S.K.: 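Sharing a structure here in structure tokens format.
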2 protein chains.
Amino acid sequence: MSDSDHGRRTIRDVAKAAGVSISTASNALNGTGRTNAETREKVKRIADELGFRPNALARGLLTKRSHAIGMLTNDTYGRLTLPMAAGVSEILVDHGVSLFLCATNNDPRLAKLHLDALLDRQVDGIIFTATRIDLEPPPELLKLRIPVIYAFAQGPADSVSFHPDDAQGARIAVQHLQALGRSRILHITGEQNYLAARLRADAYRELVGSSGQVMFGEWSEEWGHSAIDEVYSQSGPKPDAIFCGSDEIARGVIDALRDRGISIPDDVAVVGFDNWEVVSKQTRPPLTTIDMELKELGHRAGLAILGLSRGEKLEPGVERLPCGLVVRGSA
Amino acid sequence: MSDSDHGRRTIRDVAKAAGVSISTASNALNGTGRTNAETREKVKRIADELGFRPNALARGLLTKRSHAIGMLTNDTYGRLTLPMAAGVSEILVDHGVSLFLCATNNDPRLAKLHLDALLDRQVDGIIFTATRIDLEPPPELLKLRIPVIYAFAQGPADSVSFHPDDAQGARIAVQHLQALGRSRILHITGEQNYLAARLRADAYRELVGSSGQVMFGEWSEEWGHSAIDEVYSQSGPKPDAIFCGSDEIARGVIDALRDRGISIPDDVAVVGFDNWEVVSKQTRPPLTTIDMELKELGHRAGLAILGLSRGEKLEPGVERLPCGLVVRGSA
DNA sequence: GTGAAAGCGCTAACAG
DNA sequence: CTGTTAGCGCTTTCAC
């Protein structure tokens, strides 16, 4: 009652109130050591009544485990990295682990600043995420002595990375179109210097064979539009289906097709990639597309970093997580 | 050299290497107390060479300041809260403060879990953000003894909140249209039960007078589309400008107008709200819109929580931060 | 089964 | 100006 309302209750308060020693209180609360069931219950009850919550700083100082992990992302507003962050946090919170979010905005100075801060805080591990899977992480990450996981980014040879399975995603898209009876499938996608674009294009080519045609361009709605202009301004056979490298491209494609009076999906079926709902639900007709399951990817990354931080061993390499097909109206 | 490569250097290592006591090292490094310039430089140099970085847990335990703050958001990383988070983090990192990000997904259980975790970690303050300014924060926030800031959310009477200035944003939109010589300005917006929608509508009405007409609906592209259908299926005068409550609505409006062969901005000028670039840059013509400056709002919230955590006093109440007009092609 | 004592890495009096 | 001393709140041997 003396040091009553300011500051939080400490384990000392609990011990005193329960009439036991500090170490007994600690043991009782944590289930460590040997403790009489009776005293254990009593201590727990009193701790509860007092609203005792252990100081994570003190605990971390001693145990060398902060129960916090850091997420370093190269972008700021990413629609890619943020669902992952949600997945990571969602998994971790149930294990009593909190997440530091650090947006580096692609600035090496900021990256260094954030990284140092994370290390000073004794984080148990770091997840590096990026906006593209072939982005190189900051070199400082390589020589840390805490575990690092790469999610949607390229780690070094002996590291653990999680990527969406772009090839499989492309395959289920194409197979869906083929199952619909389409045989002249065109692929309109983004920049060729993106590994994801190449992986998807390769998988596409493998399924459609020599009839395939890949149009690389930009990751924009505009490119989808102008790609269609290009296709229809030329002579030659026209596609009966289009697999697009992103939902935005697909939106441009759909708008351009509609402008030409081409019916979707009857004349031309369209499949997108990303399942970015603000786009895919708003096209007319709504877009059938591939979902990279980024939240699940975050779950996996979170679980992985948790395991590593506990000293478990993980198979190094890139694990590719399956994408899902979301069928709406366009195919 | 003895306890060489495992574990980090401690201040003890620095002190020993510099041939001074631990406290002198501490003083030298922190610029506290009185220290000879010469020894201070020497200690700093040695600390640098050793790659010494202070343990934030130990420091926080003693100083009762963790230099970490928590951000609690009711959604899963929406497009509104994330730019704010980036702004907060950006400001804080330069002050050596890190950010815990907690997405509650509108689940009270998760909110409590995250809040407790933050308190256990002795965060210096909490920023609560939401997806709409009239969302009530979890009641637990009210009785904390650490400072709380409300960003894009409604705090209690004596708290400090930051909102975008919806009324001013609406005014600059309407004034821009009026400056263009438009006199029959229509307002198509989202759900009336959103305070933001009402604030904007009120400001709009004040400027356009009795000629004004507000159409409340949903925050979707589809609503923009069907609102236009409704307007043009009726007889009566047609608008020469439309102020939309969101970029998505504006996109629907623009598409519907184009479908009717109405020229934008010549026949009808359109202004959106949000400056959500993936939408506003992709409309044809690109959308003139209002930017809520969420990153700046994050900056302000970050600065505010920093100040409060240092014991500074802040004027309670809602501070409304000005929106900006982004002129593109549609008006 | 329980408690006394030591100490995680650091800062903050206070003597010298 | 510098070093000694005493902890922050907690966990963890190790006697009793």
Side-chain angles (χ1 to χ4, degrees), chain A residues 3 6-44 46-47 50-68 96 116-117 119-124, chain B residues 3 6-44 46-47 50-68 96 116-117 119-124:
Chain A
D3 53 345
H6 64 315
R8 304 176 61 167
R9 311 269 111 144
T10 75
I11 197 169
R12 192 193 233 87
D13 299 330
V14 176
K16 195 184 294 176
V20 297
S21 78
I22 291 182
S23 50
T24 303
S26 172
N27 279 333
L29 291 170
N30 299 314
T32 53
R34 301 143 303 184
T35 344
N36 185 346
E38 205 169 316
T39 42
R40 183 164 52 240
E41 286 319 309
K42 181 176 180 190
V43 169
K44 282 188 169 174
I46 301 219
L50 257 45
F52 167 75
R53 310 225 85 224
N55 181 323
L57 263 36
R59 178 178 278 181
L61 182 57
L62 203 46
T63 61
K64 312 239 168 267
R65 308 206 60 239
S66 64
H67 295 278
D116 282 345
L119 296 176
D120 293 354
R121 298 194 139 75
Q122 318 293 116
V123 292
D124 298 335
Chain B
D3 54 345
H6 66 315
R8 305 176 58 168
R9 310 268 108 134
T10 74
I11 197 170
R12 195 193 232 85
D13 300 330
V14 176
K16 196 184 295 173
V20 297
S21 79
I22 292 183
S23 54
T24 303
S26 172
N27 278 334
L29 291 170
N30 299 315
T32 53
R34 300 145 302 182
T35 342
N36 184 346
E38 207 169 314
T39 42
R40 182 165 54 238
E41 286 319 309
K42 181 177 178 188
V43 169
K44 281 188 168 172
I46 300 220
L50 258 45
F52 166 76
R53 310 227 84 226
N55 182 322
L57 264 37
R59 177 179 279 180
L61 181 56
L62 201 48
T63 61
K64 311 244 171 261
R65 308 206 60 239
S66 65
H67 295 278
D116 282 347
L119 295 176
D120 293 354
R121 297 196 140 76
Q122 319 291 118
V123 292
D124 298 334

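The structure displayed is predicted, hence computed values, not measured ones. Chain letters run A, B, ... following the sequence lines, proteins first, then strands; residues in each count from 1.
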S.K.: Minimum heavy-atom separation for B/Ala17 to B/Leu50, with atom names?
M.R.: CB-CD2, 4.2 Å

S.K.: Just how far, in rounded Å, is C1' of D/dG9 from CG of A/Leu29?
M.R.: 13 Å

S.K.: Nucleotides 11-14 of chain D: which of its N/O atoms have a protein N/O under 3.5 Å away?
M.R.:
unit_1 : atom_1 : unit_2  : atom_2 : d
D/dT11 : OP1    : A/Asn30 : ND2    : 3.3
D/dT11 : OP1    : A/Arg59 : NE     : 2.8
D/dT11 : OP1    : A/Arg59 : NH2    : 2.9
D/dT11 : OP2    : A/Ser26 : OG     : 3.1
D/dT11 : OP2    : A/Asn30 : ND2    : 3.4

S.K.: Rounded to whole Å, please give me the gap between CZ in A/Arg9 and P in D/dC10.
M.R.: 12 Å

S.K.: Only pairs at least two apart or in different chains count here, so list each side-chain hydrogen bond (donor to acceptor under 3.5 Å, both in side chains) that has a residue in residues 51-61 of chain A.
M.R.: A/Asn30-A/Arg59, A/Arg53-B/Asp120

S.K.: Indicate yes or no: at least one non-hydrogen side-chain atom of A/Asp13 is less than 4.5 angstrom from one of A/Phe52.
M.R.: no

S.K.: Measure from the side-chain N and O atoms of B/Asp124 to the backbone N and O of B/Arg65, and report whether any donor-acceptor pair falls under 3.5 Å.
M.R.: no

S.K.: Which residue, B/Thr39 or B/Leu61, contacts DNA chain D at a nucleotide closer to its 5' end, judged by nearest heavy atom?
M.R.: B/Thr39

S.K.: Supply the atom-to-atom distance B/Asn36 CG to B/Glu41 CD, rounded to the nearest 0.5 angstrom.
M.R.: 10.0 Å

S.K.: What distance separates A/Asp116 CG from A/Arg121 CZ, expressed to the nearest 0.5 Å?
M.R.: 11.5 Å

S.K.: For DNA chain C, which nucleotides open and close the run of contacts to chain B, 5' to 3', at under 4.0 angstrom from a non-hydrogen atom?
M.R.: C/dG9 to C/dA15

S.K.: Taking the side chain from A/Asn27 and the backbone from A/Thr35, do they hold a donor-acceptor pair closer than 3.5 Å?
M.R.: no

